[in-house]
**Student:** 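One structure, as structure tokens, below. Some questions next.
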Amino acid sequence: MNGAEVTTVPCARMPEIARELFAGGGRMQMVYAWQPEPDTIELRYVASPPEAGRFLIWRCRPEGEAPSLAAIWPSLGWYEREIMDLFGLAFRDHPEPNRLVLAEDIPPPFDGRAGVPSPRLTARAGDIPRTLPELDAPEVQTLPFGPVRADVLESAEFTFFYVGEQILHYHPHLFFKHRGMELRFHGLTPMLGTIVAERVSGVGSVAHALAYCQAIEHASSCQVPKRAQALRVLLAELERVYNHLHYLGHLANTTTLKVGEAEGKLLEEKAKQINARLTGSRFLRGLLVPGGLRRDLAPGDWLSPALESLRAETARYVGLLEHSDSHLDRLITTGVLRRHVALDQGATGPVQRASGIDRDLRRDHPYAAYADLPLIVPVRSEGDAYARSAVRAAEIDAAIAVMQRVLLLLKDGPVRAECRAAPGAEGLGWAESPRGTLFYAVHVGVDGRLARVKIKSPSFSNWRVFPFTVHETNMMDYAINEASFGLTVAGCAR
Amino acid sequence: MALWTFFGLAQGKATTPWPRRGDADGQEGVLGMPRYAPERCQSGCTDCAAVCPTAAIAPDAEAPGGIPGGIKVDYGRCVVCQLCTEACPTGALSPSHDWAFGVRRREDLLWSETPVPAAEPAPGQRAFRRSLHIRHVDAGSCNGCESELQALNNPFYNLHRLGIFFTPSPRFADLLLVTGPVTHAMLAPLRATWEAMPEPRWVMAIGTCAVSGGIAAGGYASGTGLDGVLPVDLYLPGCPPNPAAIIAALMTFQDRAPQRVRGGRQGGRHGE
């Protein structure tokens, strides 16, 4: 697979490989399945190497069932469950083999032989619906909350088991919004796939389209012109800025800092208006395409001062937040995510960087024009809600600095190169979205159209981690803790 | 200790006087629905339909003007990707800033040579001109529509000043505002929310997904929007519709502003 180093192995060897990767300091990112032929399932394990360098992929074709790696890499647990749902493939010894993404017990939708009774279905130990812990303790109260929640929020259902203020157990159900987006790519031309990628997670439109386009570009071995690479950085950082400003405003809302909330959301609005003025879209959609950009952008003389003004206002705002005791009191020591839990469960983005894990795809596996730009990656070690907000606040500053550099160095030139994926080509693309590591694995069919697109989204990873910071905390902190993770449900459910 | 109150006062007024006065709707540069000028079409050309990801543009044997091999345009399916404007060789489809596309009838979103007159508001809607309470349900959106709905309460748009409020309980809601294509799992919670609302109750479909399913339509997990699920009183396509488009649609619903679009075209300010 272009963009990564692929090794073919028997599935039975995967547990051993997984243990070696863990011991060596590498990191398993995801596993996904696809069907090279209608009768065959192939698993692809994607991992980051211990040091910078190419991503590692192992591929294997299971016969009957595959060994579960969830006991070695807990972060893979959800990926395996999703494969069970969508492909009907069973994983041996999975610790929680319950249904994950599907709403009902339907035949595996990705099975290429739809309608034909599948032997794999029988290999799977039947459908196991979602379950909640059964409690025989009258003093423990159960609170199901959602899927329709208060305020304008995404749909998800949270079940709390609690005594008084203390939360004993917390169980999120995040797939009410599962739209089956990965299957929407199938049969499309690579160019049209970009339009779908932009609509997987609205507030991550650029990151999704960028990772997707880079996967196609790796599959086609095409070179994106320099100006397009630079403008892609500009778009990706604009997306980071409006997302992080929204985050700060929303966090202030949960600590009931009303003026702080208003100011954060006003700054977000200013950022979105800058987006629209530059690109015609408040979500920066409609520009990316495999091979570069659909049209050139003219940043004009106004953009640099507008960004500087936004930076100055944000710095002042963050300074005020830093001096608001009532705000800080609610954040410090709230929702602590320990470093080893972050690693085991696969935390990503600002969440992992607030727990002392210094990883950022822009620096470690540079794409677009990031290799040529000075990039500050803020890291903190406390792992609490304060650290998560401080990392994001610092990232706004760093993002604007990178954008100013891009504008300073921007040279004229073409913005689009011919980019045609050969039949049967495959590629891996990635981007550091505002929420963390995003991967697209793309397989092109013999007809030149998309045969399989797998999305590893940062919210899928961080939602998996989040409950570990909720257990044994109290109800009053829950909303603050959730806001401090900055999650989306759409990105998780896809 | 930060003095937020003084900070807020010193910041001054951030709210736009629009839509009461002026035109500072905050949408400078925002691209809307592509404008369709069938008289510019080349005979037999369907380049735009070939690139349209949601079949908003489809080949039509009996196209407007009787052009054989022409196209039909349904703005209720448009995700504003602008690909048709790039594929069109003659400018028959051109980029525009027409985003205020809230309509009472689904057919008002179909491009038509001879648009029918706009529908009257339902009896009782005018009574909610000064106070309207909304319950929002996300039925499987990409979160783009939520981002813009949340923006309505930021200081720039400040929706409260128009007497329009979001309410946590469907029991207090007059209007149900739905986003997303209606996923299989959200169908029952959506219906339950609607049933919990007191009558009279109305429904608004926000965003192309809720209108027609959009990019996620169909498949094993998604529906095709609200038609056939709930009775819809106002359709607002867009991907996502911007906050000003949502305000304009809400005011159309309340009969405080006329419906701008008929036959897939705008007559008001943004249609010039």
Side-chain angles (χ1 to χ4, degrees), chain A residues 102-104 106 109 147-148 150-155 175-181 183-184 188 191-192 195-196 198-203 205 246 249 257-260 262-263 265-266 268-269 272-273 276-283 285-286 294-295 320-321 323-325 488-491 493, chain B residues 1-2 4-5 7-8 11 14 26-31 51 53 79-83 86 95 135-157 166 168-170 180-181 183-186 189-190 192-193 214-216 219-222 239-240 242:
Chain A
L102 292 181
E104 56 227 327
I106 55 170
V148 178
D151 210 344
V152 177
L153 291 173
E154 291 190 273
S155 294
F175 297 92
F176 284 90
K177 291 179 56 145
H178 180 61
R179 289 166 287 163
M181 288 306 280
L183 206 55
R184 307 317 297 164
L188 294 181
M191 193 267 283
L192 274 186
I195 306 298
V196 181
E198 285 179 334
R199 284 155 182 84
V200 172
S201 174
V203 292
S205 296
H246 173 82
L257 198 65
K258 288 298 173 192
V259 185
E263 178 66 9
K265 296 198 169 164
L266 183 61
E268 176 202 3
E269 178 63 28
K272 275 180 166 178
Q273 291 188 9
R277 199 174 159 196
L278 180 67
T279 69
S281 163
R282 286 162 60 88
F283 294 83
R285 284 173 172 175
R294 279 160 60 183
R295 57 189 162 86
L320 283 167
L321 290 174
H323 287 92
S324 299
D325 296 350
T488 74
V489 182
Chain B
M1 190 66 204
W4 284 100
T5 310
F7 170 76
Q11 288 282 79
Q27 309 309 313
E28 185 187 347
V30 172
L31 290 172
V51 295
V79 291
V80 208
C81 70
Q82 312 293 338
L83 282 178
E86 292 167 19
R135 172 66 243 195
H136 158 255
V137 172
D138 161 19
S141 76
C142 74
N143 196 24
C145 288
E146 279 66 34
S147 181
E148 295 298 55
L149 286 169
Q150 287 162 357
L152 291 174
N153 279 336
N154 75 32
F156 183 81
Y157 302 104
F166 284 96
S169 168
T183 57
H184 294 184
M186 277 310 293
L190 173 64
T193 308
I215 206 89
Y220 64 91
S222 266
C239 196
N242 63 60

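Every chain is numbered from 1, with letters handed out A, B, ... down the list of sequences. Worth knowing before you read on, the calculation uses all heavy atoms, side chains too, and leaves out hydrogens, waters and symmetry mates.
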**Student:** What residues form a side chain to side chain contact (heavy atoms under 4.5 Å, CB included) with B:Glu28, not counting sequence neighbours?
**Tutor:** A:Arg277
**Student:** Please report the interatomic distance NE2(A:His246) to CG(B:Asn154), rounded to the nearest 0.5 Å.
**Tutor:**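 Result: 10.5 Å between the selected atoms.
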**Student:** For B:Leu83, is it the side chain, the backbone, both, or neither that has a heavy atom closer than 4.5 Å to a heavy atom of chain A?
**Tutor:**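 Both backbone and side chain.
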**Student:** Closest approach of A:Ala150 and B:Arg135, non-hydrogen atoms and distance?
**Tutor:**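 A:Ala150 and B:Arg135 have their closest heavy atoms at CA-NH1, 3.9 Å.
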**Student:** Sort B:Thr193 into side chain, backbone, both or neither according to what part of it lies under 4.5 angstrom from a heavy atom of chain A.
**Tutor:** side chain
**Student:** List the steps and the verdict of side-chain contact (heavy atoms from CB on, under 4.5 Å) for A:Ser281 and B:Gln82.
**Tutor:** CA-CA 11 Å; A:Ser281 163; B:Gln82 312 293 338; over 6 Å; no
**Student:** So which of A:Val489, A:Leu153, A:Thr279 has the largest heavy-atom pair count under 4.5 angstrom toward chain B?
**Tutor:**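 Of the options given, most contacts go to A:Leu153.
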**Student:** For the side chain of A:Glu263 and the backbone of B:Gly8, is there at least one donor-acceptor N/O pair under 3.5 Å apart?
**Tutor:**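 Side chain of A:Glu263 to backbone of B:Gly8, a donor-acceptor pair under 3.5 Å: no, none is there.
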**Student:** Any idea which of A:Arg199, A:Lys265, A:Gln273 has the most non-hydrogen atom pairs under 4.5 angstrom with chain B?
**Tutor:** A:Arg199
**Student:** Below 4.5 Å from any heavy atom of chain B, which atoms of A:Phe283 appear? Answer side chain, backbone, both or neither.
**Tutor:**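 Side chain only.
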**Student:** If you round to the nearest 0.5 Å, how far is CG of A:Asp151 from CG of B:Leu149?
**Tutor:**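 The CG atom of A:Asp151 is 10.5 Å from CG of B:Leu149, to the nearest 0.5 Å.
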**Student:** Most heavy-atom pairs under 4.5 angstrom with chain A, which of B:Val30, B:Asn143, B:Val79?
**Tutor:** B:Asn143
**Student:** Whether the side chain of B:Thr183 engages the backbone of A:Lys177 through a donor-acceptor N/O pair (distance < 3.5 Å, no angle test) should be reported.
**Tutor:** no
**Student:** What part of B:Cys145 is in contact with chain A, defined as an atom under 4.5 angstrom from a non-hydrogen atom: side chain, backbone, both or neither?
**Tutor:** neither
**Student:** Taking side chain as everything from C-beta outward and backbone as N, CA, C, O, which of these in B:Glu86 sits under 4.5 Å from a heavy atom of chain A? Side chain, backbone, both or neither.
**Tutor:**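 Only the side chain of B:Glu86 comes within 4.5 Å of chain A.
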**Student:** What residue in B:Gly29, B:Ala192, B:Gly180 has the most heavy-atom pairs under 4.5 Å with chain A?
**Tutor:**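 Ranked by heavy-atom pairs under 4.5 Å with chain A, first place is B:Gly29.
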**Student:** Check each atom of A:Arg179 against the heavy atoms of chain B and say whether the ones under 4.5 Å are side chain, backbone, both or neither.
**Tutor:** both
**Student:** Under 4.5 Å from any heavy atom of chain A, what part of B:Pro170 do you find: side chain, backbone, both or neither?
**Tutor:** neither
**Student:** Would you check if B:Tyr220 and A:His178 make a side-chain contact, meaning some heavy-atom pair closer than 4.5 Å?
**Tutor:** yes
**Student:** Name the region of A:Lys272, side chain, backbone, both or neither, that has any atom closer than 4.5 Å to a heavy atom of chain B.
**Tutor:** side chain
**Student:** Can you tell which part of A:Arg282 gets under 4.5 Å to a heavy atom of chain B, answering side chain, backbone, both or neither?
**Tutor:** side chain
**Student:** A side-chain contact here means heavy atoms from C-beta on lying under 4.5 Å apart; do A:Arg184 and B:Ile215 qualify?
**Tutor:** no
**Student:** Check A:Ser324 against B:Trp4 and note the closest heavy-atom contact, atom names and distance.
**Tutor:**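 Heavy atoms only, the tightest pair is OG-NE1, 2.7 Å.
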**Student:** Would you please test B:Met186 and A:Val148 for side-chain contact (heavy atoms from CB on, under 4.5 Å) and show each step?
**Tutor:** CA-CA 9 Å; B:Met186 277 310 293; A:Val148 178; 4.2 Å; yes
**Student:** If I measure from the heavy atoms of chain A, does B:Gln11 come under 4.5 Å with its side chain, its backbone, both, or neither?
**Tutor:**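 Side chain of B:Gln11 only, per the 4.5 Å heavy-atom cut-off to chain A.
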**Student:** Below 4.5 Å, heavy-atom pairs only: which of A:Gly249, A:Gly286, A:Ala262 has the largest tally toward chain B?
**Tutor:** A:Ala262
**Student:** Could I get the full list of side chain to side chain contact (heavy atoms under 4.5 Å, CB included) partners for B:Ala14, not counting sequence neighbours?
**Tutor:** A:Leu266, B:Pro155
**Student:** Could you tell me if the side chain of B:Tyr157 sits less than 4.5 Å from the side chain of A:Glu269, heavy atoms only?
**Tutor:**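 Counting from C-beta outward, A:Glu269 and B:Tyr157 do come under 4.5 Å.
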**Student:** For B:Phe156, is it the side chain, the backbone, both, or neither that has a heavy atom closer than 4.5 Å to a heavy atom of chain A?
**Tutor:**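 Contact with chain A is through both the backbone and side chain of B:Phe156.
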**Student:** Answer whether the closest heavy-atom distance between the side chains of B:Glu146 and A:Ser155 falls below 4.5 Å.
**Tutor:** no
**Student:** Can you tell me which of A:Glu198, A:Met191, A:Arg294 forms the most heavy-atom pairs within a distance under 4.5 Å of chain B?
**Tutor:** A:Arg294
**Student:** Under 4.5 Å, counting heavy-atom pairs only, tell me which of B:Gly219, B:Gly214, B:Cys239, B:Pro95 racks up the most with chain A.
**Tutor:** B:Cys239
**Student:** Give the member of A:Leu183, A:Leu278, A:Leu257, A:Val200 that has the highest number of heavy-atom pairs under 4.5 Å with chain B.
**Tutor:**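 Most heavy-atom pairs under 4.5 Å with chain B: A:Leu257.
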**Student:** Using a 4.5 angstrom heavy-atom cutoff, name the option from B:Pro168, B:Cys81, B:Pro189 with the most pairs to chain A.
**Tutor:**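 Most heavy-atom pairs under 4.5 Å with chain A: B:Cys81.
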**Student:** Contact part of B:Ser141 toward chain A, heavy-atom cut-off under 4.5 Å: side chain, backbone, both or neither?
**Tutor:**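 It is both, since atoms from each part get that close.
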